[in-house]
Amino acid sequence: MNLQFALYGGTLDIVRSALITGGAGFIGSNLALELQARYPEAWVVIVDDFRSGDFRNLEGFHGDCIASPLQDLQASVRFKDVTFDAIFHLASITDTTDHDRLRQVRDNVEGFRQIIEWAMRDQTPVIYASSAATYGHADSVMHESTPPSPQNAYAFSKVQLDNLAVHYLQQNPAWRIVGLRYFNVYGPREAHKGHASSMIYQLYRQMVQGNNPRIFTDGEQRRDFVYIKDVVDATLSAVEASKSGIYNIGSGTSASFNDVVAILNSALELSMAAAYFDNPHPFYQNFTQADISAANEMVGYRPAFDLQSGITDYLGWLENGKQGDRTM
Ligand SMILES: NC(=O)c1ccc[n+]([C@@H]2O[C@H](COP(=O)([O-])OP(=O)(O)OC[C@H]3O[C@@H](n4cnc5c(N)ncnc54)[C@H](O)[C@@H]3O)[C@@H](O)[C@H]2O)c1
């Protein structure tokens with residue numbers, strides 16, 4: 001059986017089987033469900049240790065779910081006779097305020113090392129999650145050639161993933177390995193992340209509970225917010241990137257925190273003033289914006305949602321009684 005993905009007007013030949021690490025998490029569960037919705041015959045295997053992920057994200061999932069930390073997976077033994085068509089590696093500690101350096105770097109990097117060393121056997125295409133956090137402090141648009149400047153252990157661990165990917169590609173130039181530097185992703189199935197969920201979700205929760213939206217003084221910090229549906233499309237299409245590499249996946253624009261509050265006020269028909277408070281995090285990125293031209297060229301990436309339409313789509317899902325009342 002040869003399954004075809006129709007994306008960005010092109011066709012993408014994959015996938016009879018796929019492995020998704022971190023598949024119980026925000027991006028991983030959306031990816032797993034979308035894969036399954038488009039190609040119900042595909043065999044999708046998730047590996048997740050549920051340290052932040054939530055099984056409730058996987059309602060309707062009919063593949064296999066292996067509950068294990070990646071470090072203990074012994075992929076080459078467990079999957080001795082299995083070849084996947086694609087591996088999507090999303091598992092990671094995702095709370096950037098977790099400053100346990102040993103845990104962040106060991107778990108994130110050694111988990112990836114497990115996967116990539118095993119995937120080398122069959123040169124299975126690997127799509128892995130890097131992050132805009134690798135860029136650190138900046139005041140202009142981030143291009144993939146901008147040198148990394150990690151400001152916390154999480155960002156450092158992601159730089160190590162990128163370094164490992166480059167190393168393996170140098171040894172195996174024909175192998176398809178694609179790193180995706182996601183910017184600020186928001187959308188359905190992120191409630192389990194609590195204080196690490198997107199600011200759009202957190203401000204929405206505060207506002208519908210009748211509280212003024214709390215943002216850092218003076219609200220003029222700017223981030224590149226990208227909707228989950230665009231991220232999932234980009235991640236799937238990366239399997240057929242015209243060449244291996246590391247690509248920014250953002251919206252290509254930035255919006256201020258004051259802008260976010262204004263859009264939420266308008267969408268919710270409220271007029272709540274922002275409650276400003278001082279930012280306690282010295283590592284915090286006050287500006288992010290992705291240059292997405294390389295992703296456009298290599299994986300055909302063209303975001304379909306701007307911030308306004310992404311928030312509208314998301315609120316439609318939340319207001320339908322989905323995860324809006326979950327753990328915060
Ligand atoms: N959401 C964003 O805005 C964003 C931005 C940049 C990069 N990323 C990256 O995208 C990926 C997915 O992030 P997310 O937002 O879905 O976060 P998430 O916390 O919802 O998902 C991460 C998943 O990985 C699992 N996990 C963590 N460590 C593991 C390990 N060692 N072994 C097995 N499972 C493990 C968790 O239980 C969770 O289900 C991560 O690699 C993250 O760093 C996300």
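Counting convention: from 1, in listed order, for ligands and their atoms alike.
- Checked by atom type, the side-chain pair Y276/D218 shows no donor-acceptor distance below 3.5 Å.
- Heavy atoms of R181 found under 4.0 angstrom from ligand 1: none, in either backbone or side chain.
- Two residues are said to be in side-chain contact when any heavy atoms from C-beta on lie closer than 4.5 Å; I87 and I127 fail this criterion.
- Selection from R51, R106, E110 by nearest heavy atom to atom 28 (N) of ligand 1 gives R51.
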message: If you apply the rule salt bridge (Lys or Arg N to Asp or Glu O under 4.0 Å), what do you find for D162 with R181, and how did you get there?
response: CA-CA 10 Å; D162 291 344; R181 288 189 176 150; 2.9 Å; yes
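- For D49, heavy-atom contacts with ligand 1 shorter than 4.0 Å involve the backbone as well as the side chain.
- Taking every heavy atom of V185 and a limit of under 4.0 angstrom, the matching atoms of ligand 1 come to 1 (N), 2 (C), 3 (O).
- Of the candidates V231, L70, D95, I228, it is L70 that places a heavy atom closest to atom 32 (N) of ligand 1.
- The closest non-hydrogen atom to atom 10 (O) of ligand 1, taken over A129, S131, G23, comes from A129.
- For R223 and F216, the positive end is not near the middle of the six-membered ring at less than 6.0 Å and at most 45° from its axis.
- Residue contacts with ligand 1 for Y154 involve side-chain atoms from C-beta outward but no N, CA, C or O (heavy atoms, distance under 4.0 Å).
- Remark: K193 does not engage E190 in a salt bridge, criterion side-chain N to carboxylate O under 4.0 Å.
- The pair D233-R302 fails the salt-bridge criterion, with no side-chain N (NZ, NE, NH1 or NH2) lying under 4.0 Å from an Asp/Glu carboxylate O.
- Under a hydrophobic-cluster definition in which Ile, Leu, Val, Met, Phe, Trp and Tyr are linked whenever side-chain heavy atoms come within less than 4.5 Å, directly or via other members, V261 and V208 are assigned to the same cluster.
- If you look at S68 next to ligand 1, the close heavy atoms, those under 4.0 Å, all belong to the backbone.
- Evaluated by nearest non-hydrogen atom to atom 1 (N) of ligand 1, the leading choice among R223, E190, K193, Q114 is K193.
- When heavy-atom distances to ligand 1 are checked against a 4.0 Å cut-off, Y182 comes that close through both its backbone and its side chain.
- Contacts between A133 and ligand 1 below 4.0 angstrom, taking non-hydrogen atoms only, are absent altogether.
- The shell of residues lying under 4.0 angstrom from ligand 1, judged by heavy atoms, excludes H89.
- Nearest to atom 20 (O) of ligand 1 by heavy-atom distance, out of R189, H192, Q71, is H192.
- When side chains are defined from C-beta on, F79 does not count as touching T124, because their heavy atoms never get closer than 4.5 Å.
- Within the structure, ligand 1 has A24 among the residues with a heavy atom less than 4.0 angstrom away.
- For R189 and F26, the positive end is not near the middle of the six-membered ring at less than 6.0 Å and at most 45° from its axis.
- At a cut-off of 3.5 Å, with distance as the only test, no side-chain donor of N152 or H281 sits close to an acceptor on the other residue.
- For atom 44 (C) of ligand 1, the nearest non-hydrogen atom of the protein is I27 CD1, 3.8 Å.
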